[in-house]
Amino acid sequence: MNIQTEMKEELQFIRNIGFVAHIDAGKTTTTERILYYSGRLYKIGEVHDGTTTTDWMQQERQRGITITSAATYCQWKDCNINIIDTPGHIDFTVEVERSLKVLDGAVVIFCGVGGVEPQSETVWRQADKYKVARMAFVNKMDRAGADFYNVIEEMKEKLAAHPLVVTLPIHEDDEFVGIVDLIRNKAIYYEDELGVNLLLKEIPDSLKEKAAQYREKIIEQLSEIDDGFMHAFLEGKQFSEEEIIQTIRTYTLKSKITPVLCGSAFKNKGIQTLLDRICDWLPSPKDIGMITGINPRTQEVEERQISYKAPFCSLCFKVFTDPFVGKLFYTRIYSGKITSGGDVYNMTQQTKERVTKIVRMHANKQEIISEAKAGDIVCLVGLKETVTGDTLCASGNHILLEKIKFPEPVVSMAIEPKSQQDQDKLFEGLRKLEEEDPSFRFSYNKDTGQNIISGMGKLHLEVMVDRLLNDFNVVAKVGKPCVSYKESITRRVEAVGKFIQQTGGHGQYGHVVLDMIPQDKGTGILFETKIKGGIIPKEFIPSVREGVYEAAESGILGGYPVIDIKVVLVDGSYHEVDSNELAYKIATEIAFKDGLKRGAPTLLEPIMGLEVLTPEQYLSQIIGDLNTRRAQIVNISERKHLKMIKAEVPLVEVFDYADVSRNLTQGRASYTIEPLYYEKVPSEIMTKILG
């Protein structure tokens with residue numbers, strides 16, 4: 001066998017997959033079973049016991065939820081499977097975002113009872129954004145009220161998906177006992193409680209008709225999207241298992257269909273079949289073929305082949321601080337290879353880095369390896385300047401991959417060290433947490449003299465404070481969570497900034513004219529220069545840009561960050577002797593603050609998407625309460641004798657919503673909430689906020 005063929009085959013047998021779902025759908029339990037059946041574990045751990053492999057953090061085990069995405073790997077049949085188990089809670093959606101960025105395929109897990117829940121819709125949209133091929137696994141088929149066929153209908157209705165049912169649940173006396181494998185046309189039962197030994201039997205009489213209908217649907221669905229398959233079907237051809245599997249693979253990779261399997265991870269049923277189909281249907285790096293980036297020399301889009309032979313190229317998608325090893329840089333390698341002790345070029349930071357060690361992760365355990373190649377997901381150790389989203393490539397073969405975009409934090413709280421001794425520990429801990437999690441920020445408010453931490457929700461900040469106190473041994477006092485407001489302007493304005501100082505010898509001279517233009521929601525701060533003819537020398541333009549971004553960190557109404565403004569440098573002047581970077585930076589800050597004052601400044605507040613699922617008898621109470629909270633009702637629909645209310649509501653109005661919904665519905669309603677956008681605060685409420 002020549003080397004090229006061998007390499008192709010190796011890439012062909014790698015699967016980089018993630019488990020994504022709404023909270024409590026069973027991602028971690030499914031991961032645990034996969035590790036057990038593939039021989040990575042000798043004993044199954046349980047979420048409720050705090051003994052699972054991938055929920056290894058103290059904070060995860062205490063709360064029984066996944067907080068950080070954990071990487072592990074296993075082998076099944078001929079495939080090496082790299083797995084990322086992601087969180088389901090909306091506060092940690094950034095973990096899903098950065099995982100999907102680097103994965104080739106995903107298994108979306110749905111609860112057989114809850115169906116397509118709100119966070120399921122969010123992760124589905126994220127997978128759409130990154131064009132990730134997916135399969136679905138309907139879990140918890142052992143639970144009372146589980147309805148496999150209803151989940152299929154909800155996938156069509158809520159996700160606009162094209163589900164292809166490939167297994168059916170078998171219930172006997174209301175007990176989930178096995179599955180019908182429609183590809184093999186056999187029933188699978190389980191000899192033992194751990195589900196290790198499978199029994200292939202004939203499909204039970206009670207399900208024969210339904211199984212025949214759904215197998216026919218598989219052939220029909222494939223015929224609709226594949227002309228060759230359709231012609232063979234019309235000619236009355238009997239398709240082999242291999243032909244069906246291959247055709248399903250082709251269209252799963254193109255996201256034309258989503259194969260749907262069922263089972264119960266907790267009861268150890270359906271997992272080996274899921275593993276088989278992950279190997280059969282989810283893409284290998286070879287199927288992805290190319291990775292796209294920007295050539296930094298020409299600034300044009302460039303494609304690089306996912307291959308061992310191509311120059312080295314990778315993306316750092318996560319940074320984590322290990323108390324024993326130091327920083328771990330989770331990295332997806334797209335092309336080429338890297339060896340321990342080798343050098344890489346950080347294209348984002350434009351600096352050379354040395355890799356002192358390469359480790360393959362099994363949750364929080366590390367296995368040292370000497371090299372990593374295209375298709376691998378590994379951790380690099382020893383990098384100094386690299387942060388989340390940076391491109392690492394070979395020196396001399398530069399490419400810049402697309403960065404990961406992270407949402408803006410919506411909740412803040414003050415945190416103060418109890419003593420001067422804790423001050424350094426606090427800042428060191430905050431710096432490390434900010435490096436690990438790009439949706440977590442900390443800043444110092446000059447007006448109040450407070451350290452402010454910001455995140456995606458109350459739970460997010462609770463976990464971060466918990467880690468500061470326990471992992472970094474900081475003794476600190478924390479305030480109550482509060483809304484992270486932003487500031488902007490509502491009219492276009494031209495602002496002038498001059499900083500002129502004359503002292504003995506060289507003075508200071510900076511003069512800029514800025515055009516400040518309000519922008520659409522979610523734009524942030526954009527900077528552009530229209531300076532021509534050297535009115536301001538080119539070397540001072542970066543200082544102007546820096547001045548804009550620094551000035552935007554604190555507005556003039558309440559000291560909140562400024563967003564959604566385009567700042568254009570249109571004019572200015574310079575002095576041959578006295579002009580320098582600092583003078584232009586200060587002049588820019590003066591102009592920016594002046595522009596804020598004259599641009600009809602306004603306060604912006606985060607608006608949340610709220611979904612409440614409630615029994616019908618409490619519908620009027622819920623709607624009445626939401627109306628008092630400045631909520632805008634978007635939609636009311638019915639779901640299995642329950643009412644689903646979709647609304648958009650300011651975050652400040654729903655801080656206490658857990659207690660409110662519990663009191664209004666005697667604890668029978670459930671809700672989910674996620675950030676949508678920032679909107680202008682009504683003037684009378686703005687007056688109250690700003691005093």
Side-chain angles (χ1 to χ4, degrees), residues 2-18 71 80 82 84 97-106 127-133 253-255 282-319 329-340 342-355 358 360 369 371-380 383 385-405:
N2 64 47
I3 291 173
Q4 190 172 2
T5 311
E6 187 179 327
M7 286 181 172
K8 275 187 180 176
E9 284 188 355
E10 281 185 36
L11 266 181
Q12 192 175 324
F13 295 122
I14 293 174
R15 299 288 180 273
N16 290 315
I17 66 159
N80 295 312
N82 294 312
I84 295 184
E97 188 83 18
R98 61 179 167 191
S99 299
L100 286 172
K101 172 75 175 170
V102 298
L103 292 172
D104 302 328
D128 279 340
K129 181 167 84 174
Y130 292 115
K131 297 182 174 62
V132 174
L253 299 187
K254 293 178 179 179
S255 296
L282 288 183
S284 70
K286 185 185 170 193
D287 294 309
I288 304 303
M290 294 284 184
I291 182 72
T292 304
I294 298 292
N295 183 318
R297 190 169 48 81
T298 64
Q299 292 301 307
E300 291 181 1
V301 174
E302 183 178 296
E303 285 190 333
R304 184 164 291 184
Q305 190 178 6
I306 295 178
S307 157
Y308 303 139
K309 288 192 161 184
F312 174 72
C313 162
S314 68
L315 184 75
C316 172
F317 65 96
K318 177 175 174 171
V319 179
F329 298 85
Y330 284 74
T331 306
R332 163 70 196 263
I333 300 174
Y334 288 104
S335 61
K337 64 180 181 180
I338 184 172
T339 54
S340 186
D343 291 334
V344 295
Y345 189 75
N346 184 322
M347 191 59 237
T348 314
Q349 309 293 341
Q350 300 193 358
T351 182
K352 190 182 275 190
E353 294 268 46
R354 160 124 332 170
V355 177
I358 306 171
R360 195 184 292 280
I369 55 177
E371 72 168 16
K373 298 181 286 189
D376 287 341
I377 293 177
V378 294
C379 279
L380 306 181
L383 308 182
E385 306 295 329
T386 301
V387 297
T388 299
D390 283 2
T391 300
L392 303 173
C393 55
S395 294
N397 273 290
H398 297 167
I399 189 171
L400 187 63
L401 303 179
E402 184 188 19
K403 280 189 78 94
I404 311 169
K405 293 184 176 68

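No experiment lies behind these values; they were computed from the predicted model shown. Heavy-atom basis, side chains included; hydrogens, waters and symmetry copies ignored.
- In this structure, the separation between CG on Leu315 and CD1 on Ile404 is 5.0 Å, given to the nearest 0.5 Å.
- Here the side chains of Ile294 and Ile399 are not in contact, with every heavy-atom distance at 4.5 Å or above.
- Taking all atoms of both residues into account, the shortest heavy-atom contact from Arg15 to Ser284 is NH1-CB, 3.3 Å.
- Rounded to the nearest 0.5 Å, atoms CG (Asn16) and CG (Asp104) are 5.0 Å apart.
- Distance check, rounded to the nearest 0.5 Å: OH of Tyr308 to CG of Asp376 gives 7.0 Å.
- The shortest distance between side-chain heavy atoms of Tyr334 and Thr391 does not fall below 4.5 Å.
- Residue pairs meeting the salt bridge (charged side-chain N to carboxylate O under 4.0 Å, His left out) criterion with at least one partner in residues 387-405, sequence neighbours excluded, are Lys101-Glu402, Asp390-Lys403, Glu402-Lys405.
- Here the straight-line distance linking atom CG of Leu383 with atom CG of Asn346 works out to 8.0 Å at 0.5 Å rounding.
- Taking the side chain as every heavy atom from C-beta outward, Phe329 and Lys318 never approach each other to under 4.5 Å.
- Pairing each heavy atom of Ile288 with each of Pro283, the nearest pair is CD1-CB, 4.1 Å.
- Heavy atoms only, all atoms of each residue included: Ser314 and Leu401 are closest at O-CD1, 3.9 Å.
- Side-chain atoms of Ile377 and Leu103, non-hydrogen and from C-beta on, do get closer than 4.5 Å to each other.
- Atoms CZ and CZ, on Phe317 and Arg332 in that order, are 9.5 Å from each other to the nearest 0.5 Å.
- Residues Lys352 and Ser395 form a side-chain contact, since some pair of their non-hydrogen atoms from C-beta on lies under 4.5 Å apart.
- Across all their heavy atoms, Ile369 and Val378 have their closest contact at CD1-CG1, 3.9 Å.
- Remark: side-chain polar atoms of Ser335 are paired, donor with acceptor, to backbone N or O of Pro311 under 3.5 angstrom.
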query = Where do Val319 and Thr386 land on the side chain to side chain contact (heavy atoms under 4.5 Å, CB included) test, with the steps shown first?
reply = CA-CA 9 Å; Val319 179; Thr386 301; 5.8 Å; no
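- Between Ile358 and Ile338, the closest heavy-atom pair is CD1-O, 3.6 Å.
- With rounding to the nearest 0.5 Å, the separation of CZ in Arg98 from OG1 in Thr388 is 5.0 Å.
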message = Determine whether Lys129 and Leu100 satisfy the following criterion, side chain to side chain contact (heavy atoms under 4.5 Å, CB included), listing intermediate values before the conclusion.
response = CA-CA 9 Å; Lys129 181 167 84 174; Leu100 286 172; over 6 Å; no
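- Closest heavy-atom contact between Glu385 and Gln349: O-CG, 3.8 Å.
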ask   = Is there a side chain to side chain contact (heavy atoms under 4.5 Å, CB included) between Glu353 and Leu380 once you walk through the steps?
value = CA-CA 11 Å; Glu353 294 268 46; Leu380 306 181; over 6 Å; no
task = List the steps and the verdict of side chain to side chain contact (heavy atoms under 4.5 Å, CB included) for Phe312 and Leu392.
result = CA-CA 8 Å; Phe312 174 72; Leu392 303 173; 4.2 Å; yes
